[in-house]
Amino acid sequence: MRQTVLAISLLISLNSWSQTKPKVDFTIANASIKFDIAEHLVVGDVTYQFTVNEMTDSIKIDAKNMMIQGVKLNGQTPKYHYDKKQISFTQGFKEGENTVTISYKANPKQALYYVGSGTDLQIWTQGQGKYTSHWLPSFDDYNEKVIFNTKITFETGYDVISNGTLDGKKASGKNTTWSYKMTKPMSSYLVMMAIGKFDKKTEKSASGITIENYIRPVDAAKYTTTYQHTKKIFDFLENQTGYSYPWQIYRNIPVEDFMYGGMENTTSTIFSSDYVVDNIAVNDRDYINVNAHEMAHQWFGDLVTAKSGKDHWLQEGFATYYALLAEREVYGVDYFYWKMYELAEMVAKDAKENKNTAVHSEKATTITYYQKGAWMLFYLSSQIGEANFNTVVKNYLNKYAFKNASTEEFLSEIVAVVPNFNIDNYKQNWLENKSFNTKDALFLIQNSPLVKSYFEVLELQPKAFETKKDTLLKLLKDANTPMQTKREIAFQLHKVPYEEAKEFYQTIAQSNDIKVRQALVQVISEIPAEFLEDYKKFLNDNSYITKEIVLKNLWLQNESGRAELLDKTATWKGFNDYNLRITWLMFALATENYKNDKKAHWYSELENFAYVKYPSNVRANAINAMWYLNKYDSNTLPQLVSALVHHNSKFQKFGKDAIIRLCERKEFKDHFKKLIPYLPQEEHEALKKLMESM
């Protein structure tokens, strides 16, 4: 053990030296960005200050598929090589301080996206995984940390947001330039921009940090339900990590058609507008976990960044775990243990289905880095004690603040605080283990009253209903039985004849617990005639998930009541993806003799939802509804082609899979082939490539 500790210490010493004394160290970037909206061009220049500590053959800056307009290195025009990936300099720099200015234009295919149009236009960035170097000459290497300052010019009337504090706005003609300043370095993938029309409210953390929460004016009524507990989470994370918030300000900005839940850009998290929720949607999904996860990244990922891909869990595992700790603060210990159980289920399933599920590894699964990474930390905390764990984390953050760290360096901090902890066993059996120690994991949470109650009912699942009926009914009627347990009871009613489960149905129908009621709705495939009137009452539940299931089942199974049902639900919209409105339009159009004079208008409304002006999830919902009405509706075909070039990979796949299915019929294959020459270039190339692959 002493040799292991000494070896680790020596490695840290060498790595620390190399981090503080690289051959070339880029320190400050000052970027100016403008836009040619018509051409979707970014027009910019960026000046980097850098220090050459030791002379080198070449210096490289990443810049993907740009038009380089000019380069100045220490005031001179140097010779440089640009291969559409990197700008390389072999001369013109000197030992000591240097500056380089790059002027460029770019039409990014990744990392910067235009969504909507007109007054609904949004422009936003997503650097992780796609790299900021598609719109700003920068560094794909996470280990190069720079202080980024930005000036962004855009049409007056729009809000422009970037990293750091707003250092001023200056109007000129029809445009305004927004200036933002940072004081500490960060990796390039964390540089961000968001442009749109927003309302903004501010809060102050206990430590005095300003928290800015943005929302579209049309969503103003959803502000409170969206941003509930934001300040409490922030204050908790500052206290729990033992490290004061490392930046000057914090923001939340929701954007349309974001491809992930959120992204932890330094000081300014961008997140999906799907988490902007009203007082009904909040019962089905909320922003709390995503909010806490991205906020935790301000420490784990932004402050201390993983050195390499195999250390990625130091970012995602930590953010996932600390988000759960924040939820523990909000909802209590039982909720926390329940979430750890759900994570364990996900991890165990992932470990059975996939090969690379070792946390400390290159290219492991997403669940491995996130959920399994969180379990690595929970297990560690349980073994060394939470107080020791908190000390380890505090020391880790202090030592590697504004730097990069490896798994070995994190492990060394554990050894420093708890020298008797078997670090080799932890690394071998947990971090590098491709399976999941399910038995050991469940042992840590099984004494939670909630989890214990759930397990007891789960064990009854294979038993005959008659033998467990009285036990389950007693638990269902007990006000102290946890909601999760009651949901499991409802799920065990699946395939039980109504006459045998009648009292269960009635008990749940009289319950006020939305989640338990929803579980019963999910179980019922055929509505018992005797239960029909009670079933209709589920339409009034404050859950868009429940409402959609009940609307579908009632329309399908109660033909005589269709007109009354449609009248009652005619004003429903649902989530931000219009799930209820699109479902309603589909059924209204499919109902014979229901307000036939309005059907042309309703079809136009449904078709409109499939167009590019709407987010991809709305478009997919509308196209599916149109297919329900007419499996081969030709009005969907142009929308499927446009999906091929959409920035959201899920919608791309949706369009691709649909075209492949349609092309099994010769008439559609011929149609798409004839369509190719008339398409815009990007769609032309995408459809041509797909057709050639068939």
Side-chain angles (χ1 to χ4, degrees), residues 218 257 274 278 280-281 284 521-522 524-527 532 535-541 543-643 646 650-651 654-655 657-659 661-665 667-668 671-672 675:
V218 70
D257 227 336
D274 288 343
D278 61 22
I280 296 178
D284 294 313
V521 166
Q522 290 170 327
I524 297 174
S525 54
E526 292 188 19
I527 307 167
L532 179 61
Y535 190 84
K536 289 179 181 178
K537 295 175 185 176
F538 287 99
L539 285 169
N540 301 319
D541 279 21
S543 160
Y544 291 139
I545 293 174
T546 300
K547 287 177 184 291
E548 183 176 6
I549 295 170
V550 175
L551 172 60
K552 287 180 177 178
N553 284 345
L554 284 173
W555 189 88
L556 290 168
Q557 299 180 44
N558 185 31
E559 189 171 345
S560 63
R562 284 177 177 176
E564 180 185 356
L565 172 68
L566 292 169
D567 285 344
K568 180 174 181 177
T569 57
T571 60
W572 284 5
K573 172 192 167 186
F575 291 116
N576 293 338
D577 65 359
Y578 292 89
N579 67 311
L580 294 181
R581 181 59 183 170
I582 289 172
T583 300
W584 187 91
L585 288 169
M586 178 178 72
F587 287 145
L589 289 164
T591 301
E592 291 184 14
N593 301 320
Y594 180 69
K595 300 182 180 179
N596 290 336
D597 58 323
K598 295 185 177 181
K599 286 190 175 179
H601 170 74
W602 289 338
Y603 181 83
S604 294
E605 182 184 351
L606 179 59
E607 184 184 12
N608 186 49
F609 279 131
Y611 280 86
V612 293
K613 63 181 278 188
Y614 285 99
S616 58
N617 54 359
V618 176
R619 296 176 67 191
N621 284 350
I623 292 169
N624 280 323
M626 292 167 74
W627 286 342
Y628 178 84
L629 297 167
N630 177 5
K631 186 176 180 181
Y632 301 112
D633 192 330
S634 61
N635 289 321
T636 65
L637 304 185
Q639 311 313 324
L640 297 177
V641 176
S642 70
H646 198 277
K650 290 181 181 178
F651 193 49
F654 174 84
D657 291 348
I659 291 172
R661 283 199 310 274
L662 287 170
C663 284
E664 292 174 359
R665 293 170 61 109
E667 65 266 34
F668 283 103
H671 172 89
F672 282 118
L675 188 62

**Study point:** Ionic contact status for Glu564 with Lys568, cut-off 4.0 Å
**Key:** no

Where do [X] and [Y] come nearest, in terms of heavy atoms and distance?
{"X": "Ala643", "Y": "Gly655", "value": "CB-CA, 3.9 Å"}
{"X": "Ile549", "Y": "Gln522", "value": "CD1-CG, 3.7 Å"}
{"X": "Asp257", "Y": "Pro615", "value": "OD2-CA, 3.2 Å"}
{"X": "Ser642", "Y": "Val612", "value": "OG-CG1, 4.1 Å"}
{"X": "Ala588", "Y": "Leu566", "value": "CA-CD1, 3.9 Å"}
{"X": "Ala610", "Y": "Ala622", "value": "N-CB, 3.8 Å"}

If we ignore angles and hydrogens, is there a donor and acceptor under 3.5 Å between the side chains of [X] and [Y]?
{"X": "Tyr594", "Y": "Asp567", "result": "yes"}
{"X": "Asn553", "Y": "Tyr535", "result": "yes"}
{"X": "Tyr544", "Y": "Asp278", "result": "yes"}
{"X": "Trp555", "Y": "Thr591", "result": "yes"}
{"X": "Lys537", "Y": "Asn540", "result": "no"}

Practice item. Quick one: do Leu532 and Gln557 satisfy side chain to side chain contact (heavy atoms under 4.5 Å, CB included)? Show the steps, please. Key: CA-CA 10 Å; Leu532 179 61; Gln557 299 180 44; over 6 Å; no

Got a donor-acceptor contact below 3.5 angstrom from the [X] side chain to the [Y] backbone?
{"X": "Asn617", "Y": "Asp577", "value": "no"}
{"X": "Ser604", "Y": "Ala600", "value": "yes"}
{"X": "Lys573", "Y": "Leu580", "value": "no"}
{"X": "Arg581", "Y": "Trp572", "value": "no"}

Check your understanding: After noting the C-alpha distance and the side-chain angles of Asn624 and Met586, does the key distance pass the side chain to side chain contact (heavy atoms under 4.5 Å, CB included) rule?
Key -> CA-CA 9 Å; Asn624 280 323; Met586 178 178 72; over 6 Å; no

To the nearest 0.5 Å, what is the distance between [atom1] ([X]) and [atom2] ([Y])?
{"X": "Asp633", "Y": "Met626", "atom1": "CG", "atom2": "CE", "value": "4.0 Å"}
{"X": "Ile527", "Y": "Leu554", "atom1": "CD1", "atom2": "CG", "value": "4.5 Å"}
{"X": "His671", "Y": "Ser634", "atom1": "NE2", "atom2": "OG", "value": "7.0 Å"}
{"X": "Gln639", "Y": "Leu637", "atom1": "CD", "atom2": "CG", "value": "9.0 Å"}
{"X": "Asn596", "Y": "Trp602", "atom1": "CG", "atom2": "CH2", "value": "8.5 Å"}
{"X": "Tyr603", "Y": "Leu589", "atom1": "OH", "atom2": "CG", "value": "9.0 Å"}

Practice item. Using the ring of Tyr632 (Phe, Tyr or Trp, six-membered ring only), decide whether Arg665 places NZ or CZ under 6.0 Å from its centre and within 45 degrees of its axis. Key: yes

Point to revise | Residue pair Leu662, Phe672: steps toward the side chain to side chain contact (heavy atoms under 4.5 Å, CB included) verdict | key: CA-CA 10 Å; Leu662 287 170; Phe672 282 118; 4.3 Å; yes

Point to revise | Audit row: Asn558, Lys536, side chain to side chain contact (heavy atoms under 4.5 Å, CB included) steps and yes/no | key: CA-CA 10 Å; Asn558 185 31; Lys536 289 179 181 178; 3.9 Å; yes

**Study point:** Residues, nucleotides or ligands: over 12 heavy atoms within 6.0 Å of Lys650 NZ
**Key:** no

Point to revise | Residues, nucleotides or ligands: over 12 heavy atoms within 6.0 Å of Glu667 CD | key: yes

Review point. Quick one: are the ring centres of Phe654 and Trp627 less than 6.0 Å apart?
Key: yes

Check your understanding: With Ile545, which of Asn579, Asp284, Val521 fulfils side-chain contact (heavy atoms from CB on, under 4.5 Å)?
Key -> Asp284

